[in-house]
Amino acid sequence: MDVSRRLTVSFAALTLSLVTACGGGAAPAGKAAETAAAGPYPLKVEHLYGTTEITKRPERIVTIGLSDHEPVLALGFKPVGVVDWFQRSPFSDWPWAKDKWGGTEPTVLGLREDGVKMEKLLALKPDLIFAMYSGIKKETYDQLSKIAPVVAQPKGFDPYAAPWQEMQLLAGRALGKEAEAKQLVSGIQDAFARARKDNPQWAGKTAVAADSFKAGTYSAFQKGDPKSAFLAELGFTIPEQITKQAGTSNVAEFGSEGLNMLEVDRLVWLTTGKEPWERIKKDPVYKELKVAKENRHLFLTYQDPPVGAALSFNTALSIPYAIEQVVPLLKG
């Protein structure tokens, strides 16, 4: 199962008294008039669950989406609370985001498997919550909205399938930095365009990103998932069979009998290290695939170097690093 689909938020301990202690989502009436004239605020943003009003420039942002902190960081805001996807320590040490954090360490609200620890979130007293790459349900959104304004996932997309451009632009609108967000998006799109121009041989070729967490179990990411979307923006085509099987999920899951779906021109494995590489290569079915026999597969790790993590995040911050690292490997 893909790690991005394992994020949950528990509200069993959420009480009215805690919400009151946190200050709620509305600004005090006396301050509203003061902040209305500051910058672009108040402003409203639309997302999957409606419209959120943000009355003032946020100072204590919490991100519960697995990669939401990066679109926020890219615009010069440092979240005070985050979810840790890859158990990176220190959290702020990713090579593409380190300078943006500037030595600041956010509070980790939970790991991807555990979900958000509500007591930690409440203690941070957030004034804005981002839940774009989180797949939260309406009930969760309503509960979080009692604490602070919430920006949910972009509308019109399945959970975890909104393009990085949409999430960056949504973050820009919520933070009063829409023009800057558009400029960031344009710059990244230019970088992809240069990569496609320099590698015309990829046009019309098929590719897919995949992983395997245990023996005999495999996952292939549909075209809307950030990892396969990255490959698509380099010029590759993601097989429709994988996207169809995934359905509303971001990933198609299967056993060894389904490995023929990975018979593509370029196969990119994202794993935790070399042990899964050897296990995958030894699978009797996989060994017979042409993509394996002809060495058209590429193995990337989530750590040291964190190229797989950069593809998984697929944000305006991580994409330049990913292009720099992956393009030469795909050429080889």
Show your working on side chain to side chain contact (heavy atoms under 4.5 Å, CB included) between F236 and L330 and close with a plain yes or no. CA-CA 11 Å; F236 292 99; L330 287 172; 4.0 Å; yes
Just do the side chain to side chain contact (heavy atoms under 4.5 Å, CB included) check on D84 and Q87 with the steps written out, would you? CA-CA 6 Å; D84 190 354; Q87 300 186 50; 4.2 Å; yes
Worked verdict on E233 versus W164 for side chain to side chain donor-acceptor pair (under 3.5 Å): CA-CA 11 Å; E233 291 200 79; W164 66 269; 2.7 Å; yes
S134 vs Y141, side chain to side chain donor-acceptor pair (under 3.5 Å): CA-CA, chis, key distance, verdict: CA-CA 11 Å; S134 67; Y141 168 79; over 6 Å; no
L262 and F254: CA distance, side-chain angles, deciding distance, side chain to side chain contact (heavy atoms under 4.5 Å, CB included) verdict: CA-CA 11 Å; L262 303 183; F254 46 87; 4.1 Å; yes
Decide yes or no on salt bridge (Lys or Arg N to Asp or Glu O under 4.0 Å) for K138 and D142, but give the supporting numbers first. CA-CA 6 Å; K138 181 62 162 59; D142 290 340; 2.9 Å; yes
Let's go through V151 and F130 carefully: what are the C-alpha distance in whole Å and the side-chain angles of both, what is the deciding distance for side chain to side chain contact (heavy atoms under 4.5 Å, CB included) to 0.1 Å, and is it a yes or a no? CA-CA 5 Å; V151 179; F130 279 94; 3.8 Å; yes
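The minimum heavy-atom distance linking P239 with A207 is given by the pair CD-O, 3.5 Å. Smallest separation of non-hydrogen atoms from S318 and A310: OG-O, 2.9 Å. Closest non-hydrogen pair, V291 versus E263, comes out as N-OE1, 2.8 Å. Annotation for K182 and L169: closest pair CG-CD2, 3.6 Å, computed over non-hydrogen atoms. Between A131 and I136, the shortest heavy-atom contact is CB-CD1, 3.7 Å. Listed here is the closest heavy atom pair of W101 and P106: CH2-CG, 3.6 Å.
Distance check, rounded to the nearest 0.5 Å: CG of L170 to CD of Q153 gives 10.0 Å. For the atom pair OH of Y302 and CG of L311, the computed distance is 9.0 Å after rounding to the nearest 0.5 Å. In this structure, the separation between CD on E105 and CG on D93 is 8.0 Å, given to the nearest 0.5 Å. Taken to the nearest 0.5 Å, the CE atom of M132 stands 11.0 Å off from the CD atom of E166. Atom NZ of residue K125 and atom CD1 of residue I147 lie 13.0 Å apart, to the nearest 0.5 angstrom. With rounding to the nearest 0.5 angstrom, the CD1 atom of I129 is 11.5 Å from the CG atom of D68.
Counting heavy atoms from C-beta on, the side chains of T301 and V307 never come closer than 4.5 Å. K120 places none of its side-chain heavy atoms less than 4.5 Å from the side chain of V108. Put simply, the side chain of V83 reaches to within 4.5 Å of the side chain of V116, judged on heavy atoms. The shortest side-chain heavy-atom distance between L121 and P126 falls under the 4.5 Å cut-off. A heavy-atom distance below 4.5 Å is found between the side chains of L75 and L184. Side-chain contact between I319 and N314: present, with at least one pair of heavy atoms (C-beta onward) separated by less than 4.5 Å. Residues L329 and V268 fail the side-chain proximity criterion, which asks for heavy atoms closer than 4.5 Å. With contacts defined as side-chain heavy-atom distances shorter than 4.5 Å, the pair D225/V251 does not qualify.
Residues E294 and R296 are paired through a salt bridge, judged by an N-O separation under 4.0 Å between the basic side chain and the carboxylate. By the 4.0 Å N-to-carboxylate-O rule, R279 lies too far from D283 to be salt-bridged with it.
Geometric assessment of R88 against the ring of W94 yields a positive cation-pi assignment under the 6.0 Å and 45° thresholds. Figure legend: K281 and F299 shown as a cation-pi pair, the cationic atom lying under 6.0 angstrom from the six-membered ring centre and within 45 degrees of its axis.
A donor-acceptor pair is defined here as one N or O able to donate and one able to accept, closer than 3.5 Å; no such pair exists between the side chain of N250 and the backbone of A161. A side-chain donor-acceptor contact under 3.5 Å links Y41 to the backbone of L175. Although no hydrogens or angles enter the test, the distance criterion places no donor-acceptor pair under 3.5 Å between the side chain of E180 and the main chain of G172. T237 places no side-chain N or O within 3.5 Å of a backbone atom of T206 that could act as its donor or acceptor partner. Between the side chain of Q168 and the backbone N or O of P71 there is at least one donor-acceptor pair closer than 3.5 Å.
For the ring-ring contact (aromatic ring centres under 6.0 Å, His included) with Y133, the qualifying choice from F313, F157, Y160 is Y160, the only one to do so. If you run side-chain hydrogen bond (donor to acceptor under 3.5 Å, both in side chains) between T52 and each of K44, E46, H47, only H47 comes through.
If you check the side chains of S212 and W269, you find no donor sitting under 3.5 Å from an acceptor.
Around the NZ atom of K205, the shell of radius 6.0 Å holds no more than 12 heavy atoms that belong to other residues, nucleotides or ligands. With a 6.0 Å radius and a threshold of 12 heavy atoms from other residues, nucleotides or ligands, D99 has its CG atom at or below the threshold. Around CD of Q183, the count of heavy atoms belonging to other residues, nucleotides or ligands within 6.0 Å does not exceed 12.
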